[in-house]
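These notes concern the structure reproduced below.
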Amino acid sequence: MRLSQFPLITSKEIPADAEIPSHQLMLRSGMIRRVAAGIYTWSPLGLRVLQKVAGIVREEMNRAGALEVSMPSVQPAELWQESGRWEQMGPEMLRMQDRHGRDFCYGPTHEEVVTHFMRSELKSYRQLPLNLYQIQTKFRDETRPRFGVMRAREFLMKDAYSFDADAQSLAQSYAQMRAAYQAIFARIGVDYRIVAADSGNIGGSASEEFHVLADTGEDLLAISEGGDFAANVEAAPCTGPLPQRPAPTQQREEVATPGVVSIAQVCERLGCAPEQTLKTMVLEVHGGQGEDADAAASRRLVAVALRGDHTLNLIKASRMLGGDVALAEAETVHAATGAWPGAVGPVGLEIPLWVDRDASVLADFVCGANREDAHLRGVNWGRDVAEPQVADLRDIGAGEPAPDGGRVQLKRGIEVGHIFQLGQKYSAALQLGVPDDSGQTLTPHMGCYGIGVSRIVGAVIEQCHDADGILWPESIAPFALIIVALNPKNDPEVGAAIEALYTELREAGIEVLLDDRDLRPGHRFADADLIGVPHRIVAGARGHGSGTLEYKRRGEAEARDIAWSADAVRECLAG
RNA sequence: CGGGGUGUAGCGCAGCCUGGUAGCGCAACUGCUUUGGGAGCAGUGGGUCGGCGGUUCGAAUCCGUCCACCCCGACCA
């Protein structure tokens, strides 16, 4: 490719609305252009990288025995009503109507469609196991798209769905996909971790996430130092040993605390440590465990209590309470407890209360009094309040013991892959059945496996960049090599030699970009660094005289001279 | 959805408070010079000042309203 015929529009200036390095560099290098919030056009340069990533994903999926299909991005409401998710999904799903007024959505995921497809394709248990995948544009109407392609509304995703005869076979399919994902991320060449995850509203049991480690990641990961345990903080259980609860030593006492609503204020006013306080929060729970509409539509209030210095984990709470959980509005809290948020406490509370493990071993603690402007101190479980129902409700913290005995380290990650064992949730809801070896109907066990292809592009840049621009791993670089041709027009002989070199390398199958633009060298070096081509050759009259080219690896400080020949260049590329 | 902020040339911004000919830098285009780390000089083109409405002799500027985008939070593959 000749740069004089390739639209490379780069910018020195950092776009005002880009916050993180990958977003800034993708805009500065012209890989993407914003069309609307969370919606982007990929330029020829950007698309080359995106397709490199997609190509690696496709090869490894094929190698793992999955079969590529293409399903529609526009999907009819009926399928989503069958699975119950038409109502469940909420505004994240982009809905529309056709000219007849029929409901459709732009597919955020494809469990329903693939199951529909299998209803007509699966005739016998002998076809199992089967794994189908596609690489396709998804749309999820995120509340807050940000960071360019990292959290876009429209994005490219590889989604795969496996079908097995039983749970044991599903576990094997899952393990195969897990291995394929490891191969994919190893080939791309990023530093990643596999962590235990919550399965969210997709449903199902076992689920793990693949995270690219980066400080700008939106997820917090709990990784055991020197151990095997790794989990998204959302799903990391607190299992550390609890101390014996001390015996009460104080009398219960009410203290006036006008205007005090936060733990910090309580501590300041009463001169106590946050570890000695109990914070009580009221949650509104929507939906229930049951399948019936009444349970799904129900709302109930539940209180949870944590030690003052701990953070509530809404995922844990919602898993334990069986429904969608959110902090209740202030008015709701007041109506239910007689206190505004900040003064709620367990004593005399009339709604069900769950207490975090660590809060359950407190003694002589400080808590809200369920009255305005008042707190209690010297409160004790068993004496002033009933013995608590205990649960694990908080985020794990750095330095705490991990379940495997190691010490928890917190790291930030970008979720680029998620694999689930779904079980029979969708196959049962959408009535997918095949005859088994005795002629009975078998409901297949499903797994689903997603990779955020476009997100990987951003995530790799987060890990691979310097002050001058991107440092692509060779696996997904838009070009392997850039030749900066200096002054080819001044000396026809040099110009011809550069042309010959370019042609020979190109015909050898190397993705080479010839910078033949009539710009000053500095400008072109800066562009080469910005777009991150891994190998750079400078060819000009100076070296041509002595039969040398200048070679430089992106990211290395020093350039070196090599012989003016395609073979010498190929040697540099090889290692 | 709550809070904050911003909309002026392709990009980055000034002008607005105190109403009166729409500016600067970069980019683009033309010419000449220049050619090893984002060149110099000269010239050219490009604007519904986010939209609509109001006040006024006159609105980028004041008022109202709507929209878009960004940040923080809540929420979420």
Side-chain angles (χ1 to χ4, degrees), chain A residues 7-20 23-24 27-28 30 33-39 85 88-93 107-111 138-148 150-155 157-159 197-203 207 209-211 218-219 232 234 284 286 312 314-315 318 324-330 414-420 448-452 454-455 467-469 484-491 515 517-530 536-543 549-550 552 557 559 561:
Chain A
L8 183 68
I9 313 294
T10 59
S11 162
K12 257 192 299 190
E13 310 212 37
I14 299 173
D17 53 4
E19 290 280 304
I20 62 170
H23 190 193
Q24 293 173 351
L27 290 172
R28 283 187 54 207
R33 299 290 178 208
R34 196 184 69 85
V35 177
I39 298 177
R85 287 207 291 183
Q88 209 184 68
M89 286 295 280
E92 180 187 327
M93 189 154 79
T109 178
H110 281 69
E111 283 82 9
K138 298 279 188 284
F139 193 96
R140 296 182 189 173
D141 200 354
E142 296 278 348
T143 26
R144 187 143 93 85
R146 63 182 139 176
F147 301 152
M150 291 285 215
R151 180 169 290 281
R153 294 195 292 175
E154 186 176 291
F155 59 99
M157 182 177 184
K158 187 284 301 173
D159 46 328
D198 178 71
S199 48
N201 77 354
I202 297 261
S207 144
E209 293 168 348
F210 289 69
H211 283 264
E218 292 192 89
D219 283 303
N232 195 312
E234 289 176 350
E284 198 167 318
H286 300 258
L312 174 65
L314 280 170
I315 304 282
S318 111
D324 279 345
V325 166
L327 284 171
E329 297 291 328
I414 301 163
E415 185 186 346
V416 289
H418 200 160
I419 55 179
F420 302 83
C448 79
Y449 316 94
I451 286 186
S454 47
R455 183 181 278 183
D468 297 323
V484 181
L486 294 185
N487 302 322
K489 284 170 196 156
N490 293 356
D491 187 336
D515 191 349
R517 297 175 299 174
D518 190 21
L519 293 172
R520 292 172 70 85
H523 190 149
R524 295 193 279 163
F525 294 151
D527 272 352
D529 288 344
L530 176 62
R536 187 187 81 188
I537 290 287
V538 181
R542 188 198 288 175
L549 294 165
E550 180 191 281
K552 184 172 173 297
D561 285 345

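The chains referred to below are lettered A, B, ... by the order of the sequence lines, with proteins before strands, and numbering in each begins at 1.
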Can you name the salt bridge (charged side-chain N to carboxylate O under 4.0 Å, His left out) partners of [X], sequence neighbours left out?
| X | value |
| --- | --- |
| R28(A) | none |
| E142(A) | R151(A) |
| R33(A) | none |
| K552(A) | none |

**Study point:** Where E111(A) and C448(A) come nearest, the two heavy atoms and their spacing
**Key:**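 Closest approach of E111(A) to C448(A), heavy atoms only: OE2-SG, 3.4 Å.
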Return the nucleotide paired to [N]: Watson-Crick means purine N1 to pyrimidine N3 with N6-O4 or O6-N4, wobble means G-U with N1-O2 and O6-N3, both under 3.5 Å.
| N | answer |
| --- | --- |
| U61(B) | none |
| C75(B) | none |
| U55(B) | none |
| C17(B) | none |
| A28(B) | U44(B) |

Closest nucleotide among [options] to the [X] side chain:
| X | options | result |
| --- | --- | --- |
| R146(A) | C71(B), A77(B), C76(B) | C71(B) |
| H418(A) | G12(B), G73(B), A77(B) | A77(B) |
| E13(A) | C70(B), G25(B), C75(B) | G25(B) |

Review point. So, does the side chain of R153(A) form a donor-acceptor pair with the base of A77(B) at under 3.5 Å?
Key: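 Between A77(B) and R153(A), which were checked side chain against base, a qualifying N/O pair under 3.5 Å is absent.
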Please measure how far the [atom1] atom in [N] lies from the corresponding atom in [M], and state the result in whole Å.
| N | M | atom1 | result |
| --- | --- | --- | --- |
| G5(B) | U65(B) | P | 16 Å |
| U48(B) | U8(B) | P | 11 Å |
| G20(B) | G15(B) | C1' | 14 Å |
| A22(B) | U18(B) | P | 22 Å |

Practice item. For I315(A) and for A16(A), locate the closest nucleotide of RNA chain B by heavy-atom distance; then report the residue assigned to the nucleotide nearer the 5' terminus. Key: A16(A)
[N] [atom2] sits how many Å from [X] [atom1], rounded?
| X | N | atom1 | atom2 | result |
| --- | --- | --- | --- | --- |
| E142(A) | C71(B) | CD | P | 13 Å |
| R34(A) | G12(B) | CZ | P | 10 Å |
| E19(A) | G5(B) | CD | P | 17 Å |
| L312(A) | C75(B) | CG | P | 9 Å |
| M150(A) | A77(B) | CE | C1' | 15 Å |

**Study point:** Per-nucleotide protein contact string for nucleotides 31-44 of chain B, where B marks a base within reach and S marks sugar-phosphate only (heavy atoms under 4.0 Å, - for neither)
**Key:** ---BBBBBB-----
Review point. Would you say L486(A) and P521(A) make side-chain contact, with heavy atoms under 4.5 Å?
Key: yes
Review point. Can you name the residues that form a side-chain contact (heavy atoms from CB on, under 4.5 Å) with A541(A), not counting sequence neighbours?
Key: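 side-chain contact (heavy atoms from CB on, under 4.5 Å) list for A541(A), sorted by chain: V494(A).
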